[in-house]
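I have placed the structure first, in the form of structure tokens, so that the comments after it can refer back to it.
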Amino acid sequence: AIRMTQSPPSLSASTGDRVTITCRASQPISGYVAWYQQKPGTAPKPLIYAGSSLQSGVPSRFSGSGSGTEFTLTISCLQSEDVANYFCQQYYSYPFTFGQGTRVDIK
Amino acid sequence: QVHLQESAPGLLKPSETLSLTCNVSGDSMTGYYWNWIRQAPGMGLEWIGNAYYRGTTNYNPALESRVTISVDTSRNRLSLSLTSVGAADTAVYYCARGTGSFPGRFDPWGQGAQVTVSS
């Protein structure tokens with residue numbers, strides 16, 4: 001199975017800050033990466049697919065980049081409503097696998 | 001707009017069989033893959049498996065010996081069976097749709113069903 005290593009496990013930043021989360025795949029996966037946001041008690045919400053395509057309705061402060069084995073999710077201007085856990089996921093091959101998540105808090 | 005809703009079996013005893021259903025409303029199941037994903041307390045997400053609308057399935061090797069996933073397009077329903085459950089199977093179970101071209105691109109998700117395994 002492809003392992004997705006996500007970092008950092010948690011971060012704390014001020015509103016308005018630029019935040020970057022990284023995900024590394026254990027083997028090349030082209031651009032087949034999705035990013036999800038999960039708030040407590042709710043299902044994950046899709047943010048990004050195909051590495052860099054923004055899901056409909058997602059604010060433009062969210063962006064994704066990368067290919068091969070290194071991928072990043074960036075929040076350009078952190079807002080209070082962005083407090084959540086963020087997960088990367090590869091859908092290049094079965095079994096589909098997720099990163100362990102990054103908890104984002106406001107400082 | 002498609003909506004997914006999992007059933008809620010609640011509490012199971014060790015060695016019992018978990019049975020979950022996901023009702024799909026607002027769209028046909030035709031052309032899509034239908035996935036089950038779970039999340040243990042305070043943990044990450046684990047893909048369990050999926051079924052294409054025509055019935056073919058794919059499973060996570062870590063669970064394959066205990067899992068059966070099926071679709072009933074006439075009832076717009078997805079089902080999950082997990083045998084011989086133990087405490088490690090305690091989790092929130094989600095159903096999620098994948099596209100015909102990208103089975104693992106999960107959108108949307110159901111709200112989730114809490115399953116607890118305890119004697």
Side-chain angles (χ1 to χ4, degrees), chain A residues 1-10 21 23-26 29-58 62 64 71 73 84-104, chain B residues 1-6 8 20 22-24 32-52 56-67 69 91-115:
Chain A
I2 296 173
R3 188 171 60 254
M4 302 296 283
T5 303
Q6 193 172 335
S7 62
S10 65
I21 299 168
C23 202
R24 176 175 295 169
S26 60
I29 56 172
S30 187
Y32 295 106
V33 164
W35 290 92
Y36 301 90
Q37 176 194 66
Q38 186 178 33
K39 297 184 178 181
T42 69
K45 170 189 173 184
L47 295 177
I48 302 283
Y49 64 95
S52 60
S53 296
L54 199 66
Q55 198 81 15
S56 175
V58 173
F62 291 93
F71 300 87
L73 173 70
N85 281 312
Y86 293 84
F87 295 92
C88 61
Q89 177 235 332
Q90 66 82 17
Y91 54 98
Y92 178 78
S93 68
Y94 288 113
F96 306 130
T97 49
F98 295 83
Q100 284 301 103
T102 295
R103 180 180 175 86
V104 174
Chain B
Q1 187 171 351
V2 64
H3 179 74
L4 281 61
Q5 177 75 56
E6 301 91 346
L20 274 176
C22 172
N23 290 305
V24 179
Y32 294 100
Y33 285 82
W34 300 92
N35 296 269
W36 286 103
I37 299 148
R38 69 181 183 178
Q39 186 171 33
M43 301 292 285
L45 295 152
E46 180 179 35
W47 178 77
I48 299 169
N50 67 18
Y52 192 42
T56 54
T57 55
N58 299 279
Y59 298 127
N60 190 325
L63 297 166
E64 186 166 15
S65 64
R66 299 193 291 132
V67 172
I69 295 174
V92 176
Y93 286 74
Y94 297 99
C95 56
R97 188 179 71 174
T99 71
S101 299
F102 301 107
R105 185 185 146 190
F106 306 131
D107 180 40
W109 297 56
Q111 67 182 29
Q114 175 67 52
V115 173

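Letters A, B, ... mirror the listed sequences (proteins, then strands); counts begin at 1. Quick caveat: nothing in here was measured; it's all calculated off a predicted structure.
Counting non-hydrogen atoms of neighbouring residues, nucleotides and ligands closer than 6.0 angstrom, the CZ atom of R24(A) reaches no more than 12 such neighbours. For F62(A), the CZ atom counts as densely surrounded, since its 6.0 Å shell holds more than 12 non-hydrogen atoms of other residues, nucleotides or ligands.
Interface remark: I37(B) contributes side-chain atoms only to the contact with chain A (heavy atom separation under 4.5 Å). With a threshold of 4.5 angstrom between heavy atoms, Q39(B) approaches chain A through side-chain atoms but not through N, CA, C or O. Heavy atoms closer than 4.5 Å to chain A are found in both the backbone and the side chain of N60(B). Looking at F106(B), the atoms closer than 4.5 Å to chain A (heavy atoms on both sides) sit in the backbone and in the side chain alike. With a threshold of 4.5 angstrom between heavy atoms, P44(A) approaches chain B through its backbone and through its side chain. With a 4.5 Å cut-off on non-hydrogen atoms, P108(B) does not touch chain A at all.
The nearest pair of heavy atoms linking G110(B) to A43(A) is O-CB, 3.2 Å. Here the closest non-hydrogen pair linking Q38(A) and Y94(B) is NE2-OH, 3.3 Å.
Between chain A and the residues P103(B), G112(B), G49(B), the most heavy-atom pairs under 4.5 angstrom are made by P103(B). For the set Q90(A), Q55(A), Q100(A), K45(A), the entry with the most heavy-atom pairs within less than 4.5 Å of chain B is Q55(A).
A distance of 5.0 Å separates CZ in F102(B) from OH in Y32(A), rounded to the nearest 0.5 Å. One finds the CZ atom of F96(A) at 13.0 Å from the CZ atom of R105(B) (value rounded to the nearest 0.5 Å).
At a cut-off of 3.5 Å, with distance as the only test, no side-chain donor of Y49(A) or D107(B) sits close to an acceptor on the other residue.
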Go through L45(B) and Y36(A) one step at a time and tell me if the side-chain contact (heavy atoms from CB on, under 4.5 Å) criterion holds. CA-CA 11 Å; L45(B) 295 152; Y36(A) 301 90; 5.8 Å; no
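Of the possible polar contacts, none joining the E46(B) side chain to the T97(A) backbone as a donor-acceptor pair under 3.5 Å is found.
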